[in-house]
Amino acid sequence: METINVNVDFTLPFINKNELENKYELSYKHLLALKHKTGKGNDFLGWVDLPDTIDHDEIKKIEHVAADIRKKIEILVIVGIGGSYLGARAVIDMLYHNFNHLLPNRSRPIILYAGQNMGEDYLFQLLEILNEYEYAIAVISKSGTTTEPAIAFRLLKHHIENKYGKEEARKRIIAITDASKGILLNLAIKEGYERFVIPDDVGGRYSVLTPVGLFPIAVAGGNIHELIKGAQHMKHQIFKIHANENPAIQYASIRNLLYEKGKKIEIMVSYTPRMHFFMEWWKQLYGESEGKEGKGIFPASVDFTTDLHSLGQYIQEGERILFETVLNVTHPTNHLAIPHEPDNSDQLNYISYKRISYVNDMARLGTLLAHLDGGVPNIIIDIPTINENYIGQLIYFFEIACGISGYLLNVNPFDQPGVEAYKKNMFALMGKPGMEEESQRIKERIEKLFND
């Protein structure tokens, strides 16, 4: 089995070799802290062993329930936000036909999403569409109290019960939640929904290889056995390879060295449109894990070649505070060549019969050279092709590297205290019971902000 390859050669002109060796040594200690669960946040390290400890009976249940649901639906609505939906969406989008929703003889259901925003038009139009199709809901939340998915699920629960009646509706709702507590668990027990458990020791952004990701991916037709196998392969590679050749250690060490040298922004780049939401998953994973205590590399992403025509100018000649991590898929799934035109009116005959992937790759190499000349370090991650195995490898690689990288920054990569601030303000502004004094105080602050 091939392994994804991490190439750091194009960062070496920007860093010191001795510094790198020292960082590798420190990163290896942090890798061992993850393995032995001795570092910060060690009560949320269940994901480290997941590839080898996933319960096979649970996998069979996931596949069985997914197959039953798939027989009766055209659409699955995933209700969740952040880690509760981004991992599943990343994998599903990579595996799907780009135009799955338009295929005349579609073998896979359309996957739609709710609870990831509070757009009134979005939710209204989603319910409009669901009037016309057979559908089911997978609602994903440890507590059931996160505002956006809770509101979306209330709307969808009303809709599905009105459409099918309560008895049939309960067969079309799957709850993925805590094992022993929470509003969603209580509701699922009361209504008799099929349930899957989110492990206590796995945080949302590290949960792709739990039912949070595996159930939606299975409904969408993905091979979750291969996904897990890919993660297992990467796990075994990472924990047996010497530090200087270890991909997770290399990536975490290099990015932190660049950060220390003023490269405060990491731009993830893909030349494959289907990887857009993988990069969104990566942004949450790293942004929420590292961005605390006034520290952290800001994670951004671009879709090339599209964004070369918008953000390319800044990357080339703007402030030198960034570096790139390029996801390079070496073998596309399909084959398409450029036809020959006898009159050559568009002057493209010099690339007649060349594959589109050839042109895309020349754009990638040309951009690499230009950006290096412009002072932008590049990390290249080569992915042989897009399938479940390599996606599993990528997921586990980035998770482990994120843990190491957070420890290098001396932060806890497995909490997210900052995301509670806006929630507290929002609840107070909406008049949540028990927050009357806080509500008055915050309203006065808001009024002052806009009147000053």
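Other residues, nucleotides and ligands contribute more than 12 heavy atoms inside 6.0 Å of the CD atom of Glu128. Within a 6.0 Å radius of OH in Tyr164, other residues, nucleotides and ligands contribute more than 12 heavy atoms. Residue-environment remark: NZ (Lys354) stays at or below the threshold of 12 foreign heavy atoms within 6.0 Å. Dense packing is recorded around NE2 of His236, with more than 12 heavy atoms of other residues, nucleotides or ligands lying under 6.0 Å away. Atom OH of Tyr133 has 12 or fewer neighbouring heavy atoms from other residues, nucleotides or ligands inside a 6.0 Å radius. Around the CG atom of Asp343, the shell of radius 6.0 Å holds more than 12 heavy atoms that belong to other residues, nucleotides or ligands.
To the nearest 0.5 Å, atom OG1 of residue Thr210 and atom CD of residue Glu58 are 8.0 Å apart. The NZ atom of Lys142 sits 9.5 Å away from atom OG of Ser84, with the distance rounded to the nearest 0.5 Å. In this structure, the separation between CG on Asn389 and CD on Gln232 is 10.0 Å, given to the nearest 0.5 Å. Atoms CD1 and CG, on Ile59 and Leu214 in that order, are 5.0 Å from each other to the nearest 0.5 Å. Rounding to the nearest 0.5 angstrom, the gap separating the CG atom in Leu327 from the CD1 atom in Ile383 is 5.0 Å. The CE atom of Met275 sits 10.5 Å away from the CG atom of Asp303 when rounded to the nearest 0.5 Å.
Lys283 and Glu280 are joined by a salt bridge, as a carboxylate oxygen and a charged side-chain nitrogen come within less than 4.0 angstrom of each other. Comment: Lys229 engages Glu226 in a salt bridge, judged by a side-chain N to carboxylate O separation of less than 4.0 angstrom. Salt bridge absent: Glu19 and Lys23 never bring a charged side-chain N and a carboxylate O closer than 4.0 Å. We find that Asp49 and Lys37 are joined by a salt bridge, their nearest charged nitrogen and carboxylate oxygen being less than 4.0 Å apart. Between Glu21 and Lys17, none of the side-chain N atoms (NZ, or NE/NH1/NH2) sits under 4.0 Å from a carboxylate O, so this pair counts as no salt bridge.
Closest approach of Arg320 and Val376 over heavy atoms only: NH1-CG2, 3.1 Å. Residue Pro216 comes nearest to Gly213 through the heavy atom pair CD-O, 3.3 Å, listed as atom of the first residue, atom of the second, then distance. The minimum heavy-atom distance between Ser289 and Arg205, with the atom names listed, is OG-NE, 2.8 Å. Closest of all the heavy-atom pairs between Leu45 and Leu34 is CD2-CD2, 3.7 Å. Minimum interatomic distance between Val48 and Lys235 (heavy atoms only, all atoms of both residues): O-CE, 3.3 Å. Between Glu2 and His233, the closest heavy-atom pair is O-NE2, 3.9 Å.
No donor-acceptor pair closer than 3.5 Å links the side chain of Arg355 to the backbone N or O of Tyr353. No donor-acceptor pair under 3.5 Å is formed between the side chain of His331 and the backbone N or O of Thr385. Side-chain atoms of Asn344 come within 3.5 Å of backbone N or O of Leu348 as a donor-acceptor pair. In this structure, Lys263 contributes its side chain and Phe323 its backbone to no donor-acceptor pair below 3.5 Å. One N or O on the side chain of Thr177 and one on the backbone of Ser141 form a donor-acceptor pair closer than 3.5 Å. Under a 3.5 Å cut-off, the side chain of Gln284 and the backbone N or O of Gly83 do form a donor-acceptor pair. Asn246 places a side-chain N or O within 3.5 Å of a backbone atom of Ile238 that can act as its donor or acceptor partner. Panel note: side chain Asn360, backbone Tyr271; a donor-acceptor pair is recorded below 3.5 Å. Of the possible donor and acceptor atoms, none in the side chain of Asp178 sits under 3.5 Å from a partner among the backbone N and O of Ile198. Side-chain atoms of Thr11 never come within 3.5 Å of backbone atoms of Ile379 as a donor-acceptor pair (strictly under, hydrogens ignored).
For the residue pair Gln237/Tyr396, the side-chain donor-acceptor check at 3.5 Å is not satisfied. Remark: the Ser405 side chain and the Asn256 side chain contain an N/O donor-acceptor pair separated by less than 3.5 Å. Side chains of Asn328 and Arg364: a donor-acceptor N/O pair is present below 3.5 angstrom, by distance only.
Ile4 places a side-chain heavy atom less than 4.5 Å from the side chain of Tyr390. In this structure, the side chains of Pro332 and Val329 stay at 4.5 Å or more apart for every pair of heavy atoms. Looking only at side-chain heavy atoms (C-beta outward), Cys402 and Tyr206 come within less than 4.5 Å of each other. Residues Leu408 and Ser27 meet the side-chain proximity criterion, which asks for heavy atoms closer than 4.5 Å. Using a 4.5 Å heavy-atom cutoff, the side chains of Phe304 and Ile315 are in contact. Side-chain contact between Ile140 and Pro149: absent, with no pair of heavy atoms (C-beta onward) separated by less than 4.5 Å. Between Met94 and Phe277 there is no side-chain heavy-atom pair separated by less than 4.5 Å. At least one side-chain heavy atom of Lys72 sits under 4.5 Å from a side-chain heavy atom of Glu168.
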Check against side chain to side chain contact (heavy atoms under 4.5 Å, CB included), Phe215 and Glu194: CA-CA 12 Å; Phe215 178 74; Glu194 186 68 73; over 6 Å; no
- prompt: Where do Val197 and Arg195 land on the side chain to side chain contact (heavy atoms under 4.5 Å, CB included) test, with the steps shown first?
  reply: CA-CA 7 Å; Val197 171; Arg195 303 195 310 275; over 6 Å; no
message: As a quick check of understanding, evaluate side chain to side chain contact (heavy atoms under 4.5 Å, CB included) for Phe10 and Glu324, giving each step before the final call.
response: CA-CA 10 Å; Phe10 305 111; Glu324 292 175 293; over 6 Å; no
message: Show, in sequence, the C-alpha distance, side-chain angles and deciding distance for Phe239 and Leu31, and conclude whether the side chain to side chain contact (heavy atoms under 4.5 Å, CB included) test is met.
response: CA-CA 8 Å; Phe239 286 113; Leu31 176 63; 3.5 Å; yes
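With ring centers used as reference points, Tyr135 lies under 6.0 Å from His159. Taking the centre of each ring, Tyr251 and Phe398 come in below the 6.0 Å mark.
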